[in-house]
Structures are given as C-alpha cells and as structure tokens.
Amino acid sequence: MPRLSINGKENDFREGESLLDVIRGAGIDIPTLCHDDRLKPFGGCRLCMVEVDQGRLVTACTTQAAEGMKVETHSSAVESLRRTNLTLLAEGFPADEPLNEHFQFQRYLLQYGIGPRGARSHEFKDDTHPYLRVDMDKCVYCYRCVRICAELQGQFVWRAWNRGERTRILPTRTEGVSPAPDCRGAAADQAPSMLESDCVSCGACADTCPSGAIMDKAIAEKGVPKVWTRTTCPYCGTGCEMEMGSTDGEIIVARPLASAPVNKGHLCVKGRYAHAFVHAKDRVMKPLIRKNGQWEEVSWEDAYHFTASRLHEIIDKHGPQAVGVLGSARASNEENYLAQKFSRVVVGSNNVDCCARICHGPTAAALKASFGTGAATNSFNDIEVAAAFLICGANPTENHPIVGARIKQAVLDGARLIVIDPRRTELAAYADVHLQIQPGTNVAILNSIAHVIIEEGLVDRAFVDSRTEEYDRFVDLVQPWTAEQGAKICGVCAEDIRRAARIYAQSSPAMIFHGLGTTEHSQGTEGVRGLANLALLTGNVGKPGSGENPLRGQNNVQGSAHMGCEPSNLAGYTPIAQSAEWVEEVWGRPVPREQGLNWMQMLDASGEGTLKALYAIGYDVYFSNPNSNQTRESLKKLDLVIIQDLFMNETAREFGDVFLPVCSSYEKDGTFMNSERRVQRIRKAIPVLGDSRPDWQVICELAAQMGFAKEFAFESPKDIWNEVRKIWKAGAGISYERIEDGGLQWPCLSEDDPGTTILHRDKFPLGPKAPFSIAEYTPTKEVTNAEFPFLLSTGRTLFQFNAGTMTERTPNVVLRPTDTLDICPADAEELGVQNGQTVRITSRWGSTELPARIDDRIRKGELYATFHDPKVFMNRVTSNYRDGKTGAAEYKVTAVKVERI
Ligand code: SF4
C-alpha cells in the first residue's frame with residue numbers, strides 16, 4: 001500500500017483517496033465547509049487547506065493522496081489561513097444570531113473564537129414550508145444546498161442566480177404540476193416561496209447546510225434533539241435507515257444515516273419529516289369495546305376477555321374456518337410471524353393473509369414460477385452498475401423516492417432508460433423511450449418487445465440455451481406480436497417498441513424495476529412473468545446490474561407475507577405441505593392442513609355468511625379494498641371485527657367491535673424486510689405512549705387469554721425472531737447481533753454466511769433452468785363506452801401514503817391537502833372543468849367527488865387519481881375484477897365518466 005506522512009506520522013492510503021479521506025481516516029479533524037461526503041469535491045471554502053511538503057498549501061478535499069507526501073494539517077500557515085477565511089465569512093453572518101454548535105459553520109466560529117459581525121441585509125427569508133425554515137442572511141455560499149439538490153436528489157430546486165457579488169441562492173419553480181416531471185429545464189423561474197417551489201421536501205439541503213441558513217423548522221422551534229436512535233423508515237419498501245431525534249419522549253426530527261446501505265445519507269419527505277402522527281391527538285390510547293353502538297374505554301384485561309370469549313364462541317359454533325386473520329405490512333416481521341402463528345395455532349385455520357394479496361401477490365407468484373424465488377433478484381446497489389433500466393408500471397420518484405433519486409442520478413450519469421407507463425411520470429421525462437401504453441396492456445407490450453428482441457437477433461443465445469427452457473414455445477407465442485401489433489393494441493408507436501427492445505437487449509447489464517402498475521391488473525401475474533421473460537431472453541439474470549426487481553409498496557409487505565401471513569405458505573414462503581412437519585416440531589402444535597382463504601376469498605366468504613370473525617392488524621381494509629360498496633356489504637355481515645391499530649380507521653369506525661390500541665414502530669424493537677430481501681432493525685426511539693402496546697405483546701397476551709400462553713411465551717422481539725430463524729432456513733444466519741449495522745439479505749443460511757445480494761447466479765431454486773412463461777394477452781373487462789368514456793388508474797402521491805392513516809396526521813397535508821383527479825388539458829376543456837374544481841367521477845361500481853387537477857402528463861381519454869383521503873374514498877369507484885392467478889385487485893383500470901358538479 002502507498003504511504004504518506006501526516007503531522008510526522010506515517011499512514012497507508014488507497015489509490016484514488018483524497019488527502020481529506022486519508023487525514024480523516026487517521027482520526028484527525030480538519031474544518032471543512034463546502035465538503036460533504038455525499039457530494040463531488042468542490043474546493044470552494046478553502047477551510048480544508050493543508051500544507052504539503054513544507055510550504056505548498058492545497059485543499060485537502062480536491063487533492064489526491066500521493067506516495068511520500070508530507071502533510072501538515074495544523075501548521076501556523078494553515079491555521080492562519082483558516083482563521084482569515086472564517087473571519088471573512090463571519091463578516092457577512094448576522095451579529096445578532098446566537099451561535100449554535102449544531103451547525104458546522106457556527107461551531108467553527110465558536111472553536112476559533114470569532115464573532116459574527118454582519119448586519120441583517122434582508123436576504124430571502126421563508127417560513128411558508130411546513131418543514132423548512134430559510135434565512136439567507138446566514139448563507140455562507142458553500143453551495144452545498146445547490147449541489148445536494150442536484151447531485152443527490154436530482155431536483156435542481158436550489159440555484160445560484162446572478163453573478164459575482166450579486167449571486168444569490170434561491171429556490172426555483174417550473175411551471176406545471178408538482179413534483180415537476182423534469183426540473184432540469186432552463187425554463188424554471190425563481191419561486192415566490194419555498195412552498196410554491198419545485199421542492200420535494202427531502203430535507204437534504206437542511207441536512208447539509210452548515211450555517212443554519214436552511215434548517216429544519218422543528219429544530220428552530222423545539223431545539224436540537226437530545227437523543228438520536230438508529231431505526232428503519234416505517235413507510236415504503238425501500239427500507240431507508242435513519243436516526244430519530246427526540247427530546248424527553250417527543251420525536252423532533254429524523255436525519256438520514258450516511259452509512260445506511262440503501263439510502264446512503266438521504267431520505268424522502270415521508271421518512272424524514274412525516275412522523276407527527278405518533279403524537280397525534282386522536283391516537284387511540286386505551287382499548288375500546290363497542291357497546292350499544294358506542295365505543296367505550298375498557299381495561300386491557302376486559303378487552304382480552306371480550307375478544308377471547310367472542311372468538312371461542314365463534315370457533316365452537318362455526319369452526320376455525322369461520323375466522324380470518326390479517327397481518328400488517330407496517331408491523332414488524334416478528335409481529336407478522338405471530339399473527340400467522342395465532343391463526344394456525346390458536347384459531348386452527350390457514351385463513352391468514354396480508355395486504356400483499358391486493359398489491360404484490362402477483363409478483364411473488366410470478367417470480368416464484370419464473371425463477372423459483374418470489375422476491376427481487378438483485379439489490380439497490382446494482383443501480384449504479386446497470387447500463388440501462390426498464391421501469392414498468394412504477395413511479396419510483398414519488399413512491400420509492402430514494403430508489404427514484406438513485407435511478408435518476410444513474411440516468412443523468414449516462415444510463416439508458418425505458419419507461420412503460422400510461423402517465424408521463426417524472427422518470428418518463430428523463431427516458432430514452434417512454435411507452436405510454438393504454439392501461440391494461442402490459443402483457444401485450446412485453447410480448448411485443450420480446451418479439452423484436454427475437455426478430456432482430458438480440459437474444460443471448462448462450463444464456464437461453466444453458467439456463468432456460470420452453471424457449472421454442474415462447475417464440476411461437478410471441479410470433480404474432482410484431483411491433484406493429486403491439487403498437488395497435490397498446491396505443492404507442494411501433495418504432496418506439498423497437499427502440500425500447502434494442503436499448504434493453506443491447507445495454508448490458510440491464511435492470512428491471514416494476515411496481516403496482518404491473519401487478520394490479522387482471523393479468524398482473526402474467527405481466528410480471530412477461531418482464532421475467534425479457535430478463536431471461538437477454539441473459540439479464542444472476543449478474544450485477546440486472547434482474548427483475550419489484551418495488552414493494554409498504555415498508556414490510558415483503559416481510560409480512562414472507563413470515564407466513566399467506567394461506568398457502570408458512571414462514572419462509574414455503575408451502576404448507578413442504579414444511580408443516582418441521583414447523584410442528586418447533587411449535588409443538590399441529591399445523592392445519594385445510595386450505596385457507598386468502599383475503600379476497602375471506603371477503604367473499606363473509607358476504608356469503610360463512611366467515612364470521614375478522615382480526616385485522618394494522619390494515620384499514622374497508623378503505624383500502626377495491627369496490628368499497630361491495631366490501632361494506634361483506635364486512636357488515638361479520639359477527640366480530642377486531643381492530644388492532646393506532647387510529648380509529650374507517651374499518652374500525654364502521655364495523656369494529658373491539659379496538660386494541662398499539663404503538664408505532666418508533667416505540668418498539670423488531671425487524672422489517674425491504675424490497676431487496678434485506679432484514680433490518682427497528683429500534684425503540686421513544687417510550688410507548690399512553691396505554692398502547694406493541695403488536696407483538698398484544699398478540700401474545702390475547703393468545704395467552706385463549707389458552708396458548710406456552711406457545712406465545714416470548715419475552716422480546718428478539719426471542720420471537722430466534723424462533724423464526726429455527727423455522728426459516730434461508731434466514732437462519734440473520735441474528736440480531738449481525739444486523740446491528742445495515743441488515744442482511746437472505747438467503748443467509750448460517751452465521752458466517754454474508755447473505756445474498758444477487759439471486760440465481762449459477763442456478764435456480766427450481767433447478768438448472770428457468771421456464772419462459774407462455775401467457776396469451778387477455779384484455780381487461782373494464783372497457784370504455786359512450787357512458788363511461790375514460791379509463792381511470794389510481795395510485796399514490798409523494799406526500800401521502802396509502803390509507804393516509806399516518807401522513808394525513810402530519811404537516812404533509814399542507815404539501816398535498818387531498819386526493820385529486822388528474823385530467824389532461826384537452827379533456828378538461830371539453831368537459832368545461834377548471835383546475836381545482838370539484839367533479840363527480842362514476843364507474844359501473846360506484847361514485848365519488850374530488851377536485852380535478854389539470855395535468856399534461858395524462859393522455860387524452862385517461863385519468864389518474866390518488867386514493868389517500870377518506871373523505872374522497874376513491875375505492876368507491878374501483879372495480880371488482882381480480883388477477884386470475886392470485887386474486888390481486890385490478891386497481892389500475894376502471895372505466896368511468898366525469899361530471900362537473
Ligand atoms: Fe422511507 Fe421510502 Fe422515503 Fe426511504 S424512500 S425515507 S423508506 S418512504
């Protein structure tokens with residue numbers, strides 16, 4: 001290893017390291033202002049100056065370490081220069097600002113004993129944003145905000161306007177909808193305020209700003225948190241790690257964790273800021289039982305007694321098949337494991353499921369059928385390796401914002417991008433090819449891309465011959481799917497299909513991401529298998545930067561199903577027939593063999609009167625399910641509805657009999673599993689609030705009340721996890737001790753197994769060869785006609801999350817107050833609809849009202865609506881159709897009409 005000397009001491013370094021890296025690696029602290037490890041070296045502030053080889057002053061951040069260098073980090077020349085630079089900066093910093101060592105620049109002033117001497121010059125000040133406070137009087141022109149907004153988030157909100165002494169750093173706004181589809185455009189103007197800017201509220205500027213010019217409003221109002229606790233975000237399936245800052249049991253703010261493998265020092269608006277729900281005034285803090293139509297507070301003992309005796313009555317009278325249990329995608333792995341154990345051991349039925357049924361059920365089924373494992377093949381760290389991306393039915397910059405930001409950066413760095421989506425999403429605006437298909441035609445477009453790859457000789461023959469089967473049948477299947485045929489069915493241009501096929505097949509490696517725009521269709525499973533077909537055709541399996549990667553919606557939806565909240569599979573997603581005997585040995589109890597009902601079947605059974613009781617853990621089923629009119633009819637027939645949640649959700653409000661109040665993930669320990677199979681820790685950042693309890697404790701106590709204390713005698717989440725590891729062989733190596741820092745990806749078979757970042761490198765769990773899927777395209781039954789002329793898709797927005805249970809109780813409502821119906825300008829004009837005007841939207845299934853938002857990302861004849869606001873209840877409109885293989889709901893296509901009110 002090469003060596004250099006720092007302050008007279010020899011140090012090793014690696015080729016390519018900067019002097020700053022080596023100096024800090026040696027444990028020596030030197031001041032920096034413009035430097036941030038997340039950004040490219042800048043060399044602007046000159047505080048990191050060091051003396052090299054007796055007399056040469058260089059900026060340590062931009063100078064590469066070289067063999068034999070002699071570096072002095074605190075020589076008198078260097079220190080004098082630092083003092084001069086800090087003094088110059090202090091002359092512009094307001095003298096009346098009390099210095100706070102939380103901010104790096106202010107800390108240096110305190111350290112060097114330099115007092116600020118500037119006057120208030122009334123630069124840009126802004127207090128309009130719910131999370132950020134801006135006071136540009138305090139700006140030291142290090143440009144970290146400008147650079148982090150461009151280099152990490154890719155949003156380009158902060159820009160330097162004017163030149164020389166007149167340079168000012170101000171936020172920008174691009175005309176159109178927010179978040180803007182592509183903020184690189186020179187057409188952006190100075191924004192009148194932060195709230196009206198293109199800001200996506202990731203907080204990276206506040207996180208990096210060393211002077212306090214841009215800061216978290218919570219810190220300005222409540223002070224710097226006293227305690228910081230490492231945990232994992234409770235929102236999407238990206239699985240970002242962060243530190244929750246709290247003071248005296250109150251969460252103040254979160255900050256990203258630089259060492260986190262997934263987010264690498266970045267968070268989105270939800271992870272960083274949307275935590276106020278924890279302290280919301282309407283959080284249920286005591287158990288409730290509905291008596292004579294009214295909720296009454298009761299003790300935990302009474303709640304358990306009531307619930308257990310009602311469950312016993314129903315099981316005694318109607319048998320265990322009359323009870324259904326739903327695990328929660330927002331609860332921990334340990335809690336979901338207990339939920340399915342409760343169903344199988346306490347109730348005696350396999351009627352257990354989770355929300356994966358209505359979202360990514362098709363992903364698990366399809367990837368299992370294609371490759372043998374129903375989960376992402378690769379890792380997020382492959383994003384920077386991929387030469388091209390194919391993103392199908394996913395909007396990562398809003399729904400998985402950290403993944404979206406990483407993909408955006410990769411594309412800005414030269415990776416190719418194909419987007420298949422009916423809407424012009426933000427990433428579509430960056431794409432080489434955007435196939436803006438008609439909703440419901442995924443299978444057709446994928447067959448057509450496959451046809452072109454075969455027709456143009458772009459198939460990886462070596463891979464196909466050695467690692468796939470059914471190729472000839474697949475060639476026959478896609479033979480009629482010429483680019484022209486695909487174009488006709490999908491409503492796109494044939495040449496664009498050819499371009500997409502060439503880019504995907506010729507840019508190696510190429511990585512596929514898909515989301516609910518692929519799965520929530522009547523052919524959801526076939527859609528995912530269509531993507532797997534493309535990966536197999538081109539050899540994009542089992543190597544870095546490739547594969548087929550679902551973006552799971554909620555933080556632990558992967559873990560929820562994987563822990564056994566699934567009627568056909570036990571923990572580890574292993575079929576009951578395959579693993580029941582082994583599980584019985586661990587449990588000391590029989591595993592029921594009778595086929596269980598999935599969630600949609602439970603709902604049907606409830607409508608038919610055969611399901612009598614539902615235990616819904618952290619899942620607002622009434623609000624989330626499609627076709628809520630029919631859901632209501634089914635739910636109201638139940639004799640017993642047990643709700644376990646933080647809030648009186650719509651299901652509880654309308655149908656609940658007993659409410660068991662539980663705490664948030666910030667108040668307990670456990671693990672989540674993210675989209676890339678990574679098991680990560682969640683940690684208790686604040687004490688449990690009120691009389692709520694962790695889900696795991698409630699399930700154990702209820703089980704004990706029902707006579708199963710021994711089987712549920714767990715002292716802690718770690719205890720539960722250790723039982724999971726006995727059952728789930730592919731997770732056996734994942735101990736709590738090993739995931740203290742960054743988590744591990746399964747399969748991880750033993751405690752010396754480093755885990756698996758890429759699946760299927762040499763073989764598949766199915767055997768040596770993976771089969772192509774041979775699935776014909778079947779059009780959706782939701783078709784337009786004169787009465788229902790529009791096709792509606794529903795989905796999420798950046799600022800809200802699913803049923804709104806959490807985000808609706810945070811200042812995110814300022815950023816996105818309610819759901820909208822997005823409509824293109826031409827259709828709005830024809831209907832005479834103005835931006836913001838309330839409209840009625842009606843399908844064959846129901847009707848609701850919400851404000852219209854004119855949005856040129858939408859194609860004529862199509863609509864897009866979000867579904868977070870219970871006042872809107874968008875699922876009154878969505879249909880009853882389901883994926884033929886898994887029962888997942890067809891949320892993405894509903895024929896509707898729109899009327900002005
Ligand atoms: Fe949380 Fe997802 Fe945002 Fe990361 S990207 S901070 S996991 S919501």
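Just so we're clear, the structure is a prediction, and the values are computed from it rather than from any experiment. For ligands, and for the atoms within them, numbers begin at 1 and follow the listed sequence.
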| Ignoring hydrogens and geometry, is there a side-chain-to-backbone donor-acceptor pair from Thr519 to Thr363 under 3.5 Å? |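 No.
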| field | Backbone N/O of Arg552 and side chain of Ser675: donor-acceptor pair under 3.5 Å | value | yes
| query | Sorted by chain and residue number, which protein N/O/S atoms are under 2.8 Å from atom 1 (Fe) of ligand 1? | reply | Cys233 SG
| message | Under a 4.0 Å threshold between the charged nitrogen and the carboxylate oxygen, would Arg173 count as salt-bridged to Asp198? | response | no
| said: Check this for me: does any side-chain nitrogen of one of Arg38 and Glu151 sit under 4.0 Å from a carboxylate oxygen of the other? | reply: no
| said: Within 45 degrees of the ring normal and closer than 6.0 Å to the centroid, is that where the cationic atom of Arg272 sits relative to Tyr131? | reply: no
| Set of side-chain hydrogen bond (donor to acceptor under 3.5 Å, both in side chains) partners for Tyr622, sequence neighbours left out |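 Once residues adjacent in sequence are excluded, the partners of Tyr622 under the side-chain hydrogen bond (donor to acceptor under 3.5 Å, both in side chains) criterion are Arg632.
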